[in-house]
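What follows is a single structure, written as structure tokens, with notes after it.
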Amino acid sequence: MKIERVPDIPFIRVVSGSAVVNDFARHVHVDLCIGIVVSGRRHMTVGSETCDLSAGDIFIMNPGQPHICTSADGEPHSYSVIVVDAGLL
């Protein structure tokens with residue numbers, strides 16, 4: 001996973017994962033996350049609903065929204081997420 005700051009925009013970060021084959025247990029983020037699946041497939045579970053996301057699909061996680069992320073069928077996927085500091089909202 002790679003985390004980058006955006007020059008001159010202190011409240012924005014970009015998080016990216018390449019060829020990820022990992023399951024992220026239920027967790028939350030304190031900031032707003034707007035992401036895109038770049039390649040492969042990713043399962044995201046929010047509450048009792050699971051979505052199968054493919055390359056080009058966009059997802060949004062509100063601050064404090066519990067969710068689970070897994071690699072679909074154990075295959076690698078890549079993603080990028082713009083993270084907006086919750087203090088800005």
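Reckoned from all heavy atoms, side chains included, excluding hydrogens, waters and symmetry mates. Just so you know, these numbers come straight off a predicted model, no measurement behind them.
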>> Applying a strict under-4.5 Å side-chain criterion to I, L, V, M, F, W and Y, I'd like to know whether Ile3 and Leu88 cluster together.
In response: no
>> Check whether Asp31 reaches the backbone of Ala86 with its side chain - one donor and one acceptor, N or O, closer than 3.5 Å.
In response: yes
> If you round to the nearest 0.5 Å, how far is CD1 of Ile36 from CD1 of Ile82?
Replying inline: 9.5 Å
> Quick one: do Phe11 and Val6 end up in the same hydrophobic cluster if we chain Ile, Leu, Val, Met, Phe, Trp and Tyr together by side-chain heavy atoms under 4.5 Å apart?
Replying inline: yes
> Can you tell me if His77 and Ser71 form a side-chain donor-acceptor pair at under 3.5 Å?
Replying inline: yes
> Ignoring hydrogens and geometry, is there a side-chain-to-backbone donor-acceptor pair from Asp85 to Gly87 under 3.5 Å?
Replying inline: yes
> If you look at every heavy atom in Gly47 and Thr45, which pair is closest and at what distance?
Replying inline: O-CG2, 3.6 Å
>> Among Asp57, Asp73, Leu53, which residue satisfies the side-chain contact (heavy atoms from CB on, under 4.5 Å) criterion with Arg41?
In response: Asp73
Would you tabulate the side-chain donor-acceptor contacts of residues 14-25 under 3.5 Å, counting partners in other chains and residues two or more places apart, or write 'none'?
none

>> Are Leu32 and Ile60 packed together at the side-chain level, in the sense that at least one heavy-atom pair is separated by less than 4.5 angstrom?
In response: yes
> Where is the tightest heavy-atom contact between Ser54 and Val37, given as atom of each residue plus distance?
Replying inline: O-CB, 3.5 Å
> Crowded around Ile12 CD1? As in, over 12 foreign heavy atoms under 6.0 Å?
Replying inline: yes
>> Could you see if Val81 belongs to whatever hydrophobic cluster contains Ile58? Use Ile, Leu, Val, Met, Phe, Trp, Tyr and a side-chain cutoff under 4.5 Å.
In response: no
> Any idea which heavy atoms bring Pro10 and Arg5 closest together, and the distance?
Replying inline: O-NH1, 3.8 Å
> Got a sec, which residues hit side-chain contact (heavy atoms from CB on, under 4.5 Å) with Val28, two or more places apart in sequence or on another chain?
Replying inline: Pro66
> In chain order, what residues pass the side-chain contact (heavy atoms from CB on, under 4.5 Å) check against His67, with sequence neighbours excluded?
Replying inline: His27, His29, Met44, Val46, Met61, Cys69
